[in-house]
Every structure is written in C-alpha cells, then in structure tokens.
Amino acid sequence: MLRIEDLRATIDGREILQGLDLEINAGEVHAIMGPNGAGKSTLSSVLTGRDGYDISGKVTFEDEDLLEMAPEERAAKGIFLAFQYPVEIPGVGNMYFLRTAVNAVRRERGEPEVDAVTFLGSVKQHMAELDMDPGMLSRSVNDGFSGGEKKRNEVLQMAMLQPKLAILDETDSGLDIDALRLVAGGIQRLRSPERSMLIITHYPRLLEYVVPDYVHVLSQGRIIRTGDASLAYELEEEGYRGTEASLSGTGGGASK
Amino acid sequence: MSLSPATIVESLDGHSSVSSRNGGNVSDSGRERYLEWLGANGLPTRHDEAWKYSPLKDLLARPLDRIASDDDGLAVDPSAIEAALGSINSVESEIRIVLVDGVYREDLSDDAEADGLTIGSVGTTAIDLTETSSDPSSAVRSRVDGFEMLNRGLGSAGVVVVAGDGRAVERPVHVVHLWSGSSDALLVQPHINIHVGVNAQLSVIESFVAAGSTFTNALTTVVIEADGMLRHYKLQSQATGSVHLSHVAVTQRRGSSLEAGAFMFGSSIGRNSIDVIAEGDRTSTDLFGLYLPRGSQHIDNVVTVEHAGHHGSSSQIYKGVIDDHARGSFSGHIIVDHGTVGTDAHQSNKSLLLDPVAQSDSRPWLEIFADDVSCTHGSAIGQLDPESMFYLRSRGIPLDDARAILVGGFINEVVDKVRSESIRHHVMRLVKDQVRSRFTAELGGEL
Ligand SMILES: Nc1ncnc2c1ncn2[C@@H]1O[C@H](COP(=O)(O)OP(=O)(O)O)[C@@H](O)[C@H]1O
Ligand SMILES: [Mg+2]
C-alpha cells in the first residue's frame with residue numbers, strides 16, 4: 001500500500017529525514033517511536049504534502065507517486081493525518097468543516113455527496129462513541145478546544161473520512177486515561193484488512209489497545225530498528241539511548 | 001470650467017450661484033450657514049488627519065455632470081426603476097423607504113405609522129424637527145468637514161425617521177438608495193435623519209446600490225435619546241466606477257446604545273465614516289465593519305468615538321480582506337474627555353492580504369484625557385495562515401475552497417456581530433455573493 005524508499009527531506013538547509021525506508025501493507029498497523037526531534041512529525045508532514053521541504057527519494061501509495069500529489073489529492077486517495085498539533089480555525093464551524101471535507105473527498109472519488117440527515121446521524125454516532133459533546137459541532141474548528149478535545153476531534157474526522165492509511169501523530173499525548181481509552185477505541189474500530197495505520201507515539205499505553213504488527217524506532221531521520229509489539233516495552237525499559245547505542249556502528253536502517 | 005467637487009466649492013466664494021437649491025424645506029438660512037462654512041473652510045486637504053488615506057486628489061477633481069436636484073429623483077417613473085428595485089433583496093418584514101437620487105419617494109415607500117414610526121421629508125408638518133435637524137450641536141460639531149457641509153448645503157432635503165418615546169419598533173427600516181440613471185456622473189447627496197426617542201428601539205438598514213459613475217456623498221445624522229437603542233447597518237454595493245462617501249454622525253444620550261455595522265463591498269473609491277459622541281453617561285457603542293476591496297478599489301474606514309459621559313463602553317471591530325492591487329484602510333479614533341470616569345473603550349482592526357501587492361493601512365488614534373479608563377487597541381495584517389490552509393487541504397478540501405473557507409471564517413466574526421437574526425441572514429447573503437464572485441467555492445460558515 002505505502003512504500004517509502006530512501007526518503008530524504010531538508011528544511012532550512014537541515015536534512016531531517018536522512019534516507020528512510022518503510023513499507024506498509026494493507027491491514028497492517030505500524031508504530032513509530034523515537035526521541036523528540038527524530039523526524040517523526042516531519043515524516044507525517046512529508047507523507048501528507050506539507051509545503052516547505054526539499055525532498056528526494058521515492059514514495060508510492062497504491063503504486064502511484066505520492067510526492068507528486070497535492071495534499072487534497074492525497075486525502076482523496078485515502079491518506080489521513082491526525083495532527084500532533086491540530087490547527088484552530090476561528091470563524092469556521094466544525095460541522096461545516098467536517099461536511100465540506102467529507103463531500104470534497106467523495107466528489108473527488110466520484111461518489112455522490114452525502115445528504116445532511118445521513119451525515120448528521122453519522123457524526124452524532126461517532127461523537128457519542130468518543131464521548132464528545134455534540135455542542136462541539138457548532139463551535140469553530142478546534143477553537144478554544146482543550147488538548148484532549150482537539151485529539152478527539154482528530155479521531156472524529158478520521159472516523160468520518162474513513163481513510164485507507166491513517167497516520168496518527170502523537171494522538172495519545174496529553175490524554176488522561178479515560179480519554180486515551182476512548183481515543184484508542186476510535187482507532188481500533190477503524191482497523192480492518194483494507195486499512196493501514198502508522199501510529200507515532202512515545203508510550204506503549206496506546207499500543208496496548210491498538211496492538212501493532214510492527215514497531216520501528218526512528219532516530220536522526222532514519223529507521224534504526226524494527227521489531228514486533230514487544231519492542232515498545234523494551235524501549236520503555238531501555239530508553240531510545242540504549243537502542244541507539246546498541247546499534248551504533250551497525251549502520252542501522254533495518255525496516256521490513 | 002468642468003464641474004467637480006473642487007470647482008463647486010470654488011464657485012461658492014460668491015456663493016449665490018449654487019446656493020439656491022430647488023425643493024426641500026431645509027430653511028434657507030440653514031443652507032446659507034453651511035455654505036458659508038464651506039466657502040470659508042473648503043473641502044478636506046491632505047493635512048486633514050481624517051482624510052489621510054483617502055485619494056483626495058481623485059475625489060476633489062472627480063468630473064461630475066451635475067448636482068442631483070429634487071426633480072431628478074421625483075421625475076423618475078416607478079417602472080423605470082422597477083428593475084433596480086427588484087434586484088434588491090428585502091430584509092424579512094422590512095419597512096422599505098426608497099430614495100431616488102437622494103430624494104425620498106413616498107409613492108414607492110412603505111407606510112410605517114402602525115409601527116410607531118414617523119417617516120417623511122424634512123419639513124413635513126407631522127414631524128417636529130426642532131430637536132433633530134436644526135439641533136445646532138449635531139450640525140456644527142468640531143469635527144465637521146467639507147463633504148458633510150457640501151451635503152448639508154447642497155444635498156437633498158432629506159428623510160426623517162422618528163421612533164417616538166417608548167416605541168420598540170419591531171420591523172426593521174430598510175432605506176434603499178437608488179440612482180435614476182438620468183445622468184451618469186451625478187452628485188447624489190442623501191440625508192437620513194434618525195431620531196430614536198426615550199427608551200425607544202429601532203433598526204435601520206441603508207442599502208446603497210447606485211450604478212454608473214455616480215458620486216454619492218451621503219449623510220446620516222442620528223440622535224438616540226436616553227435609554228434608546230439603535231441598530232444601524234450600512235450595506236454598500238455600488239457599481240465599480242462609482243464613488244461612495246458616507247458619513248454617520250451620532251449623538252448618544254444617557255443610557256442609550258448603538259450597534260452600527262458598515263459593509264463596504266462596491267464602488268471604486270469608498271469611504272465609510274462614523275463619528276459618535278457619547279454625550280450621556282452609561283452609553284454603549286458597538287461599531288464594526290467589513291471591507292473587501294479588490295481590483296483597483298480603494299476603501300477607507302474612519303471611525304471616531306468620543307466619550308463625553310461617564311461609564312461609557314465602546315468597541316470598534318473592523319476587518320478587511322484586500323485582494324489584487326486594492327487598498328483598504330482603517331483609522332480608529334477614541335477620545336475620552338477630561339473629567340470623565342469609567343470609560344471602557346476597545347478597538348481592533350485586522351486585515352487579510354490575498355495578494356502581494358494589496359495594501360492595508362491601519363491607524364489607531366487615541367486621545368485619552370481622563371485617568372480612570374480601560375482602553376485597548378490592536379491591529380494585525382496578515383496573509384491566509386499556511387498552517388490552516390494545509391490543515392483544510394489535508395482533509396481533502398481543494399485549494400480554492402480552502403481559501404474561501406478561511407476568508408469566510410475571517411469574515412464571519414464581523415457578520416456574527418449583527419445581532420438581529422433576519423438582518424444577519426440578509427447581510428450574510430450579500431457577503432456570500434461577494435465572496436462567491438471571487439472564489440469558485442462556497443463561503444464557509446453555518447448559514
Ligand atoms: N521548519 C523547520 N526548520 C528547521 N528545522 C525544523 C523545522 N521543522 C522541524 N525542524 C526540526 O526537525 C527536527 C525534527 O522535527 P520533528 O519531525 O517535529 O520531530 P519529532 O516529531 O520526531 O519530535 C527537529 O530538530 C526540529 O527542530
Ligand atoms: Mg512530533
């Protein structure tokens with residue numbers, strides 16, 4: 001589904017991604033862990049088409065060149081990013097935003113627009129599952145939302161857009177235990193044989209609910225270690241330093 | 001010598017030639033006084049702070065065919081302006097007042113007696129104007145300028161709208177300013193005189209829809225008596241190629257409140273000005289505006305609030321979206337008089353530049369002569385936020401739509417300030433038309 005080969009991304013003269021390789025097949029859940037500043041958010045930004053990077057290497061999504069596509073085209077192809085820092089957009093209603101996004105993606109895919117009643121029913125159901133106050137629909141997008149509300153709003157958007165590849169950038173950060181359980185439930189519900197996930201996280205807690213098929217360690221712009229779900233717990237014991245040290249001199253770069 | 005605002009005023013030196021305006025019932029001595037003032041002081045110059053950003057040279061030298069006379073407005077057959085009338089969306093349950101070339105057309109206007117309103121030409125016997133039109137304090141303020149005096153001296157007789165004491169008028173008054181088309185470059189000078197009685201409530205919308213290359217120099221004078229409330233909205237969508245100057249002068253008495261919004265869409269050169277003297281104690285003044293110049297449009301906003309009473313509160317919230325090589329400006333003047341206490345005055349101006357050559361000027365001008373004051377001001381000029389753009393696009397929303405949504409969001413804050421729901425819908429419809437004409441997409445927002 002997603003294939004990344006020797007991906008390099010430079011911003012302001014600094015190479016942040018330094019030759020990253022990764023392949024994600026349909027139905028797989030991959031977790032990426034790694035120290036602050038390793039380039040995790042940069043990877044998610046490059047995959048979703050944020051401006052401002054000099055990029056080399058190759059990224060294909062369902063055998064199409066992803067790097068050539070505008071962000072909205074990538075969304076229409078089924079790529080979704082839950083932002084580490086969701087953006088506040090004053091004056092734009094959350095409900096209006098959601099419906100515009102859903103219909104834009106449907107239009108791009110040649111599907112008919114969803115009618116207001118069906119849409120509202122679906123939003124309300126997802127909001128109930130995430131224990132979100134329906135009043136948040138009439139507020140401006142993320143405007144004045146608490147940290148946890150913003151993260152839930154990201155998961156709500158994901159649930160409405162039903163992406164093929166969901167990238168979650170620290171969606172679990174800043175959540176209390178109850179909120180984490182709800183958010184994890186929202187993510188787990190999306191799991192299916194056709195859908196893939198790339199979960200960026202610092203903590204194994206989320207991975208207890210959404211058990212990954214693979215765990216990768218990203219450090220200094222490349223993947224230096226790959227393992228199964230148990231690697232997350234190992235990292236928690238040893239820290240990233242241990243991993244970096246044990247691999248120094250090996251050239252790293254293991255991915256599947 | 002060809003006619004222009006400048007030459008009109010020059011000819012006033014021996015002012016008999018233009019001072020005899022036909023029609024109207026403004027006492028000749030009143031007009032004489034205004035024209036004398038004009039002859040002595042002239043039109044604004046570059047040195048007038050309040051005209052700092054306006055293209056004065058163009059305004060003063062603007063070629064005119066002639067000054068509209070009352071005959072222009074009265075002569076026009078209703079069928080001739082039916083099309084123009086039909087193109088104006090009405091506000092829900094409105095009381096419509098039609099002016100043609102600045103002249104009140106009773107035959108085309110609604111009757112409002114049942115609503116507790118008195119409407120009529122200046123001088124109509126039913127209306128006692130001792131308090132309003134001839135009130136010297138509202139006529140000869142210290143901040144009066146040449147264009148106001150040009151209107152008073154040579155403009156139409158005007159319409160008076162009076163909400164009697166204690167009357168809460170529910171239906172909004174919609175003043176529609178039409179243009180006869182009898183001459184292309186006509187100087188049209190309407191004067192609306194609004195009087196809100198003690199504890200009365202009134203909403204007034206003024207729509208300016210002039211076509212051609214008319215020069216509108218409009219004046220609205222307002223007195224809000226004790227505990228009265230006025231909502232006033234100016235909706236300007238004149239044709240490109242026209243000039244629009246409109247000035248609103250308000251006197252607020254004790255405990256009164258004013259909500260005044262100006263939406264400046266049309267005209268090549270536009271200037272929206274409002275000057276409020278909060279004379280009584282505990283007044284509330286809520287002013288806001290939106291301007292959307294594009295192409296080579298030039299739109300200025302000049303806002304003054306003077307707190308002359310105690311415990312007055314006021315806000316000025318103005319936003320501009322400036323595209324192409326257009327220009328927009330905001331000058332916000334707050335004056336807090338010596339000896340007053342408890343003033344709470346706020347001001348904010350934000351503009352969004354959609355093009356690298358678009359230009360925005362913003363100037364706060366605070367004159368605080370009292371100690372016990374809470375006063376804030378802020379201004380920001382920026383482009384569409386790239387983070388917000390990326391966020392929307394990452395959700396599948398195409399570039400153009402994302403731009404329209406963000407512009408819509410920016411605009412909504414001002415539209416949302418219109419508290420009356422039916423009027424807000426009306427304004428939103430106009431705003432959407434404006435934005436739709438520059439983006440292919442629908443405008444963001446709940447409506
Ligand atoms: N616009 C930028 N200009 C320069 N450096 C940047 C920019 N954005 C991110 N970086 C740097 O890139 C590195 C990786 O950042 P990021 O991808 O956000 O890391 P992570 O998400 O793994 O914590 C950091 O050192 C960060 O400071
Ligand atoms: Mg990050």
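Order of the sequence lines fixes the chain letters, A, B, ..., with proteins taken first and strands second; residue numbering starts at 1 for each chain.
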What's the spacing between [X] [atom1] and [Y] [atom2] if we round to 0.5 Å?
X	Y	atom1	atom2	answer
E108(A)	I397(B)	CD	CD1	12.5 Å
I89(A)	I405(B)	CD1	CD1	8.0 Å
Y391(B)	E88(A)	OH	CD	10.0 Å
F97(A)	R395(B)	CZ	CZ	5.5 Å

Identify which part of [X] has an atom lying under 4.5 Å from any heavy atom of chain B, answering side chain, backbone, both or neither.
X	answer
R50(A)	both
P86(A)	both
N142(A)	side chain
V102(A)	neither

I'd like to know whether [atom1] of [X] has more than 12 heavy-atom contacts from other residues, nucleotides or ligands below 6.0 angstrom.
X	atom1	result
D115(A)	CG	yes
Q188(A)	CD	yes
R3(A)	CZ	no
K150(A)	NZ	yes
H377(B)	NE2	no
E92(B)	CD	no

Residue among [options] with most heavy-atom pairs under 4.5 Å to chain B:
options	value
L161(A), L98(A), V87(A)	V87(A)
A70(A), S45(A), P71(A)	P71(A)
G52(A), A101(A), P163(A)	A101(A)
D51(A), T100(A), V105(A)	T100(A)

| Which atoms form the tightest heavy-atom contact between A104(A) and P398(B), and what is the distance? | CB-CD, 4.1 Å
| Residue part contacting chain A, namely of E413(B), when any heavy atom lies under 4.5 Å | neither
| query | Is it true that E73(A) and R393(B) have a side-chain N and a carboxylate O under 4.0 angstrom from each other? | reply | no
